[in-house]
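In what follows, a structure is listed as structure tokens, so that the remarks can point back to it.
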Amino acid sequence: MKRFIQVTCLTALLAGSTFAIAQSGGYTGPTTKPAATGYTGPSSVAMSTAKDLLANGKDDQYAKLKGKLTSHKGGEDYEFTDASGKITVEIDAKHFPQGVNIDQNTLVELTGEFDKETFGESTFDVKQVKVAQ
């Protein structure tokens, strides 16, 4: 009986060690920096301007805009302004960078999809917001 208990304890100890080794990897402690989300490397999406996008943009065209969010129009709609003009952009709250305050003076780079409307106002549907350097 004593031998059986020793073998059982040894088996449990080895199994626990194997589980602990399999579970290790990566830092899981507290952090003050939010986790990065999405791809942040180089892109082939072309930089555009508000004026050019409104005049020549095609529906569902991916583009980047660099400028400022000059006002909140309500809901997900914001007025975006660059040196060329203004365009309404739609930004879901989840696309804003965590822990970063953005106001009308913050230079941002927006990546998203142009929604060209035949009737009504064309908008830019933002998929990523980055504070520009």
Side-chain angles (χ1 to χ4, degrees):
M1 181 69 167
K2 187 175 179 182
R3 179 63 115 178
F4 176 75
I5 292 174
Q6 288 175 340
V7 170
T8 303
C9 289
L10 184 58
T11 302
L13 181 62
L14 289 174
S17 297
T18 303
F19 179 76
I21 291 170
Q23 294 296 314
S24 67
Y27 178 71
T28 59
T31 182
T32 58
K33 183 176 178 184
T37 58
Y39 178 72
T40 59
S43 172
S44 62
V45 176
M47 188 65 74
S48 189
T49 65
K51 182 179 178 180
D52 187 47
L53 206 53
L54 288 169
N56 304 313
K58 298 184 181 352
D59 191 38
D60 297 332
Q61 171 186 340
Y62 277 89
K64 285 184 184 179
L65 297 172
K66 190 173 187 176
K68 297 178 180 178
L69 297 173
T70 50
S71 71
H72 182 220
K73 297 172 93 174
E76 295 180 346
D77 293 341
Y78 297 83
E79 181 179 80
F80 173 85
T81 306
D82 63 13
S84 73
K86 299 177 182 182
I87 187 172
T88 297
V89 297
E90 297 174 2
I91 308 173
D92 191 311
K94 69 182 178 187
H95 295 303
F96 281 100
Q98 294 179 358
V100 177
N101 292 324
I102 295 175
D103 64 18
Q104 72 278 7
N105 299 312
T106 308
L107 187 62
V108 294
E109 186 176 291
L110 308 178
T111 304
E113 184 177 305
F114 183 59
D115 289 328
K116 185 165 187 88
E117 299 295 334
T118 305
F119 303 102
E121 182 182 20
S122 295
T123 60
F124 189 68
D125 187 16
V126 176
K127 303 300 181 190
Q128 182 183 42
V129 178
K130 292 189 333 186
V131 175
Q133 304 300 343

Residues Ser84 and Ala50: closest non-hydrogen pair is OG-N, 3.4 Å
Here the gap from Glu76 atom CD to His72 atom NE2, rounded to the nearest 0.5 Å, amounts to 8.5 Å
All heavy atoms of Phe80 vs all of Gly67, minimum pair found to be CZ-N, 3.3 Å
- Begin with the C-alpha distance, continue with both residues' side-chain angles, and end with the deciding distance and a verdict on side-chain contact (heavy atoms from CB on, under 4.5 Å) for Glu90 and Asp77. CA-CA 5 Å; Glu90 297 174 2; Asp77 293 341; 3.2 Å; yes
Could you tell me if Lys86 and Thr70 have a donor-acceptor pair between their side chains, going purely by distance under 3.5 Å? no
*asked:* Determine whether a donor-acceptor pair (N or O, by modelled atom type, separation under 3.5 Å) exists between the side chain of Asp125 and the backbone of Gly112.
replied: no
| task | Kindly determine whether Leu69 and Ile91 satisfy side-chain contact (heavy atoms from CB on, under 4.5 Å), including the steps that lead there. | result | CA-CA 11 Å; Leu69 297 173; Ile91 308 173; 3.9 Å; yes
Residues Gln61 and Lys58: closest non-hydrogen pair is OE1-N, 2.9 Å
Distance col, row Ile87:CD1 vs Ser122:OG, nearest 0.5 angstrom, shows 7.0 Å
The residue among Asp52, Leu53, Val126 that forms side-chain contact (heavy atoms from CB on, under 4.5 Å) with Leu65 is Leu53
Verdict with reasoning, Tyr78 to Ile102, per side-chain contact (heavy atoms from CB on, under 4.5 Å): CA-CA 12 Å; Tyr78 297 83; Ile102 295 175; over 6 Å; no
Greater than 12 external heavy atoms within 6.0 Å of Asn101's CG: no
### Short side-chain to backbone donor-acceptor contact, Thr111 and Lys64, under 3.5 Å
no
Can you confirm whether Asp82 sits close enough to Lys66 that some side-chain heavy atom of one is under 4.5 Å from a side-chain heavy atom of the other? no
Rounded to the nearest 0.5 Å, the CD atom of Gln104 sits from the NZ atom of Lys68 at a distance of 9.0 Å
Taking C-beta and beyond as the side chain, do Asp115 and Asp60 meet within less than 4.5 Å on heavy atoms? yes
*Return yes when atom NZ of Lys51 has more than 12 non-hydrogen atoms of other residues, nucleotides or ligands closer than 6.0 Å, and no otherwise.*
no
Using side-chain contact (heavy atoms from CB on, under 4.5 Å), reason through Met47 and Glu109 one step at a time and then give a plain yes or no. CA-CA 9 Å; Met47 188 65 74; Glu109 186 176 291; 3.7 Å; yes
| message | Starting from Val131, can I reach Val129 by hopping between I/L/V/M/F/W/Y residues whose side chains sit under 4.5 Å apart? | response | yes
Distance col, row Ser48:OG vs Leu110:CG, nearest 0.5 angstrom, shows 12.0 Å
